[in-house]
Q: 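Here's a structure for you.
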Number of protein chains: 2
Amino acid sequence: MSSSEKLEQARRHYIESLAETMEMYGLSPSMGRLFGIMFFHDEPMTLDEMRKLTGMSKTSMSTGVRALSRLKLVHKKWQKGVRKDLYEAEHDQFRSFVDFFSQLWEKEIELNQKNLTKTERNLKSLLQDPELTPEERDQVEEDLEKLKRARRYYTWLDHLVDAFESGDIFKYVPIPDEEAD
Amino acid sequence: MSSSEKLEQARRHYIESLAETMEMYGLSPSMGRLFGIMFFHDEPMTLDEMRKLTGMSKTSMSTGVRALSRLKLVHKKWQKGVRKDLYEAEHDQFRSFVDFFSQLWEKEIELNQKNLTKTERNLKSLLQDPELTPEERDQVEEDLEKLKRARRYYTWLDHLVDAFESGDIFKYVPIPDEEAD
DNA sequence: AAGTTTGTACAGTTTTTTCTGTACGAACTG
DNA sequence: CAGTTCGTACAGAAAAAACTGTACAAACTT
């Protein structure tokens with residue numbers, strides 16, 4: 001095997017495991033692979049280069065890169081004189097990590113807190129209902145208790161997101177020195 | 001609408017948003033719904049009860065509940081005199097959260113750190129190769145630099161997992177009081 | 001303004017995942 | 001030990017997701 005083939009193979013191997021990881025986080029295998037390729041590609045890439053390296057269609061590259069952008073794992077990079085859109089993988093893995101989970105958790109909070117409030121309101125008004133049997137009343141009260149605990153959880157999660165977004169998390173769990181293990 | 005229908009509806013609504021959240025974390029919608037149902041069901045449930053409440057097959061309940069168990073979102077509960085397996089949703093959402101992400105991240109670390117070491121070894125031995133053009137050598141060195149940064153990231157992530165598993169995270173980001181927002 | 005190039009919407013196909021019914025082994029019951 | 005109940009493996013059907021090619025709009029070039 002030639003030395004350039006060996007390099008190619010080493011990369012491909014690592015890219016495959018990167019892709020597998022990203023699959024755990026809900027990305028499709030191909031998108032994971034695309035990210036891996038971009039991660040090793042030192043220059044910002046065009047859709048056509050991606051197409052060549054992944055062997056997939058340009059349409060897929062377009063939608064894929066957009067998905068990765070939305071997750072901030074990849075971003076557009078402008079270069080003067082170049083008409084095509086250029087994209088590069090986010091170099092800073094700490095930033096990727098923090099951004100990714102902040103986004104995920106924020107979405108969770110937003111989605112659920114809204115519904116929680118609505119459900120709480122419904123249940124509270126239901127307590128006024130004279131038709132309610134004592135048994136049902138207990139049920140409703142139990143549910144309200146559960147929702148209260150849930151609210152506490154979302155409040156906490158919100159604080160956690162703050163710690164991630166502000167970078168305070170790195171005060172609590174510091175980034176290790178170069179040498180450390 | 002009768003009061004019990006109203007209760008049913010309020011729950012269903014909240015369950016739907018819970019399910020949607022869990023979908024973000026890679027669970028199928030039905031499994032999310034199953035979890036939601038179990039979350040509101042105060043008594044531990046049998047597969048047959050689940051089947052009735054979800055309207056799905058018992059086979060699905062069996063596989064679903066096992067998936068949820070593996071993620072520690074649900075656990076078996078033994079009750080004397082009851083022959084059927086009983087399952088209940090984990091009540092403590094903080095625990096669920098912490099367990100879920102610890103597991104996820106641990107899997108990521110395990111998977112990638114192994115491959116990282118292997119790739120690093122391959123690239124280092126490639127540096128010895130006399131066939132290597134100067135350009136390729138630069139490439140390899142650049143890649144090794146990337147892997148070094150990646151290693152640092154995994155080390156950090158491991159520390160974060162420790163903070164989650166030990167509960168230290170709650171020292172840094174405390175669980176709010178009942179009243180607080 | 002006509003001609004290119006570039007990115008994406010959309011419809012249809014392929015692949016993957018989810019779900020069900022059947023079948024069967026293990027654990028219990030009388 | 002024969003009969004019952006329970007959970008799950010497995011194969012196939014149904015549903016969902018990923019992927020591609022065509023077509024077209026926007027931006028650029030001459």
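All chains are named by letter (A, B, ...) in the order of the sequence lines, taking the proteins before the strands, and each is independently numbered beginning at 1.
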Q: Without decimals, in angstroms, what is the distance between B:Tyr87 OH and D:dT8 C1'?
A: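 Taking atom C1' of D:dT8 as the reference, OH of B:Tyr87 is at 10 Å.
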
Q: If we count only N and O atoms by modelled type, under 3.5 Å, do the side chains of B:Ser3 and A:Asp129 hold a donor and an acceptor together?
A: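 Side chains of B:Ser3 and A:Asp129: no pair found under 3.5 Å.
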
Q: What are the atom names and distances for every N/O pair under 3.5 Å that joins the protein to nucleotides 24-30 of chain C?
A:
none

Q: To check you understand the geometry: which heavy-atom pair defines the closest contact between B:Met22 and B:Leu73, and what is its length?
A: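 Scanning both residues completely, I find the closest heavy atoms to be CE-CD1, 3.5 Å.
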
Q: Go through the structure and list residues passing side-chain contact (heavy atoms from CB on, under 4.5 Å) with B:Lys77, not counting sequence neighbours.
A: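 B:Lys77 satisfies side-chain contact (heavy atoms from CB on, under 4.5 Å) with B:Pro44, B:Glu88 only.
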
Q: Could you state the atom-to-atom distance from CZ of B:Arg66 to P of D:dC6 in whole Å?
A: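 Rounded to the whole Å, the gap is 18 Å.
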
Q: If you take any heavy atom closer than 4.0 Å to DNA chain C, which residues from residues 50-64 of chain A end up in contact?
A: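 Those residues whose heavy atoms fall under 4.0 Å from DNA chain C, taken from residues 50-64 of chain A in numerical order, are A:Lys58, A:Thr59, A:Ser62.
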
Q: Any idea which heavy atoms bring B:Val65 and B:Leu34 closest together, and the distance?
A: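 Shortest heavy-atom contact: N-CD2, 4.2 Å.
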
Q: Return the residues of residues 38-49 of chain B meeting this criterion: a heavy atom under 4.0 Å from some atom of DNA chain C. Order them by number, or give none.
A: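 Under 4.0 Å from DNA chain C: no residue of residues 38-49 of chain B.
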
Q: For A:Glu90, enumerate each residue passing the side-chain contact (heavy atoms from CB on, under 4.5 Å) test, keeping only those at least two apart in sequence or located in another chain.
A: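 Partners of A:Glu90 under the side-chain contact (heavy atoms from CB on, under 4.5 Å) test: A:His75, A:Asp92, A:Arg95, A:Ser96.
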
Q: Starting at CG of B:Asp85 and ending at C1' of D:dT8, how long is that distance when rounded to a whole Å?
A: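 Distance check: B:Asp85 CG to D:dT8 C1' gives 11 Å.
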
Q: Write down the atom of A:Ala19, the atom of A:Pro29, and the distance for their closest heavy-atom approach.
A: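 Here A:Ala19 and A:Pro29 meet closest at CB-O, 4.1 Å.
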
Q: Mind running salt bridge (charged side-chain N to carboxylate O under 4.0 Å, His left out) on A:Lys146 and B:Asp42 for me, showing each step along the way?
A: CA-CA 10 Å; A:Lys146 276 180 190 158; B:Asp42 301 309; 2.4 Å; yes

Q: Hey, which sits more toward the 5' end of DNA chain C by its nearest nucleotide, A:Lys76 or B:Ser30?
A: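 Of the two residues, A:Lys76 wins.
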
Q: In whole angstroms, how far is the P atom of C:dT17 from the CE atom of B:Met31?
A: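 My rounded result for the distance is 15 Å.
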
Q: What's the CG-C1' distance between B:Leu27 and D:dA16, to the nearest Å?
A: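 Atom-to-atom, B:Leu27 to D:dA16, this comes out as 16 Å.
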
Q: Classify the ring geometry of B:Tyr25 against B:Phe100: parallel below 30°, tilted from 30° to 60°, perpendicular beyond 60°.
A: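 Plane angle between 30° and 60°, so tilted.
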
Q: Heavy-atom count check: over 12 atoms from other residues, nucleotides or ligands less than 6.0 Å from A:Glu110 CD?
A: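 No, not enclosed.
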
Q: Taking atom P of C:dG7 as reference, at what distance in whole Å does atom CG of A:Leu86 sit?
A: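 Computing the A:Leu86:CG to C:dG7:P distance gives 9 Å.
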
Q: Quick test of your reading: applying salt bridge (Lys or Arg N to Asp or Glu O under 4.0 Å), list the pairs with at least one residue in residues 112-127 of chain B, sequence neighbours left out, ordered by first then second residue.
A: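 The answer is B:Glu120-B:Arg151.
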
Q: Do the rings of A:Trp156 and B:Phe94 sit parallel, tilted or perpendicular, given the 30° and 60° boundaries?
A: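 A:Trp156 and B:Phe94: perpendicular rings.
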
